[in-house]
Amino acid sequence: MNKKTIKDIDWQGKKALVRVDFNVPLSAGHITDDARIVAALPTINYLLEHGAAVILMSHLGRPKDGQPDPKFSMKVTADHLGTLIQAPVTFVTGVTGPAVESAAKALQPGEVLVLENTRFDPRETKNDRSLAQELASLADYFVNDAFGSAHRAHASTTGVAEFLPTAAGFLMEKELEYLGSALEDPKRPFIAILGGAKVSDKIGVIEALLEKVDTILIGGGMANTFLASQGYPMGKSLVENDVLGIAAGLMEKGAAIIQLPVDLRVASTFAADAENKIVSVEDVPADWMALDIGPATIAHYANNLSGAKTVIWNGPMGVFEFPVFAQGTVAIAEMLASLRNAITIIGGGDSAAAVRQAGLEEKMSHVSTGGGASLEFLEGKELPGVAALNNRE
Ligand code: AMP
């Protein structure tokens with residue numbers, strides 16, 4: 001990685017404005033998974049230990065029309081951060097403005113200030129220069145550790161970089177190194193596992209990966225569309241009829257690379273307790289739907305994976321929210337966890353959630369914090385939040 005990182009800067013007595021990705025899942029005002037906050041700790045602790053005062057900013061949820069909504073206040077993340085680090089953490093109500101300015105001014109080395117949700121300011125998602133400038137005026141340096149938001153050109157991810165010298169945080173650095181080296185110089189065999197609901201979301205990534213990988217194993221709802229494109233009747237399964245032609249084209253182009261399921265777990269209805277059975281891909285009954293890959297597919301995919309040296313996985317193999325249809329996803333996670341001498345990269349989003357749910361996160365080489373960002377990176381797109389960071393001289 002040729003970006004300047006926080007290790008390249010002398011932090012003594014300096015103020016660091018750090019874009020983190022604290023967009024954590026909430027339920028009834030509580031954080032249900034703090035992985036994103038934990039992932040930012042190495043950067044926050046490094047800055048504090050090296051004499052910086054740390055100002056954190058992030059978005060949280062999707063407040064409507066860029067208006068403040070107490071449901072999405074960053075206070076809950078500030079309180080939680082206070083329990084995870086030794087340093088004092090204070091929260092200020094406001095993204096910019098007089099209260100924020102005086103809190104930032106008073107902030108001492110070794111202390112943390114958390115700003116209010118950047119999306120409470122309608123200028124954030126417009127990448128408005130005046131907001132970027134106001135944010136930049138709070139600090140000496142801008143640090144971006146929010147890989148999960150790097151595919152968005154917003155004031156707090158890219159705009160602010162115009163007004164301050166910048167550095168990548170450790171999480172950003174780790175993400176770029178794992179994803180970057182997998183694409184640039186993968187150890188082979190290099191296998192991609194792609195699942196999730198739709199082909200249409202991942203056409204670009206499939207096209208890009210066809211040029212790079214040795215094998216693509218397909219599961220999840222998108223497998224239904226691929227199977228339908230090959231003429232298999234898919235009953236009531238989720239099938240994207242409008243991209244059948246594109247799916248058929250990808251199958252033709254990737255004939256030697258793309259593998260599809262050979263059997264499926266089908267259900268009578270879309271429900272956790274639905275009646276279900278295993279059928280071969282030729283035999284999906286007209287009024288049933290495929291909600292997971294079947295055991296023969298799991299065995300076939302495990303066989304492919306057994307010799308892999310680099311694996312990238314994005315998207316669950318089935319409706320993993322329902323335990324009975326999570327079996328394919330869990331089996332793939334266990335298979336990856338058992339690989340020796342292989343780089344295993346989980347591309348954020350639902351596959352990261354599934355790996356965490358199975359308690360296998362520690363067994364993977366890298367679990368990305370950015371679903372959308374990692375997909376765009378794999379597609380070969382330049383992420384605006386990364387492009388905005390200064391290179392090493
Ligand atoms: P994505 O956001 O594209 O990665 O899709 C994840 C979603 O795909 C999850 O909520 C899964 O429940 C859903 N999914 C996976 N397999 C299927 C399937 N066979 N039918 C319907 N939805 C599926």
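Whatever order the structure lists them in is the order used to number ligands and atoms, beginning at 1. Note: hydrogens, waters and symmetry copies are ignored here, and every other heavy atom, side chains too, is used. Computed from a predicted model, the values in this text were never measured in an experiment. Residue indices begin at 1 and follow the sequence shown.
Checked against L336 for a side chain to side chain contact (heavy atoms under 4.5 Å, CB included), the options I191, V355, I346 give a single hit: I346.
When hydrogens are left out, the protein atom nearest atom 17 (C) of ligand 1 is G221 N, 3.2 Å; that is the closest non-hydrogen contact. Residue, atom and distance of the protein heavy atom nearest to atom 2 (O) of ligand 1 are D350 OD2, 3.8 Å. For atom 15 (C) of ligand 1, the nearest protein heavy atom (residue, atom name, distance) is G318 O, 3.1 Å. In this structure, atom 11 (C) of ligand 1 lies nearest to the protein heavy atom E321 OE1, 3.6 Å. Residue, atom and distance of the protein heavy atom nearest to atom 5 (O) of ligand 1 are A197 N, 3.0 Å. At the shortest separation from atom 23 (C) of ligand 1 among protein heavy atoms lies V319 CG2, 3.5 Å.
Ligand 1 does not have M289 within reach: every non-hydrogen atom of the residue lies 4.0 Å or more from it. A290 counts as a contact of ligand 1, since one of its heavy atoms falls under 4.0 Å from the ligand.
Relative orientation of the W11 and Y141 rings is perpendicular, given thresholds of 30° and 60° on the angle between their planes.
Two residues are said to be in side-chain contact when any heavy atoms from C-beta on lie closer than 4.5 Å; V20 and M57 fail this criterion. With contacts defined as side-chain heavy-atom distances shorter than 4.5 Å, the pair Q327/D292 qualifies.
Under a cut-off of 6.0 angstrom, the local environment of NZ in K126 is sparse, with at most 12 non-hydrogen atoms contributed by other residues, nucleotides or ligands.
Counting only residues at least two apart or in different chains, salt bridge (Lys or Arg N to Asp or Glu O under 4.0 Å) contacts with residues 376-393 comprise K4-E393, D8-R392, E379-K381.
For ligand 1, the atoms sitting less than 4.0 Å from at least one non-hydrogen atom of K202 are 3 (O), 4 (O), numbered in the order shown with element in parentheses. Those atoms of ligand 1 that come under 4.0 Å of a heavy atom in G196, given as number and element, are 1 (P), 3 (O), 4 (O), 5 (O), 6 (C), 8 (O).
With rounding to the nearest 0.5 Å, the separation of CG in L56 from OG1 in T77 is 8.0 Å.
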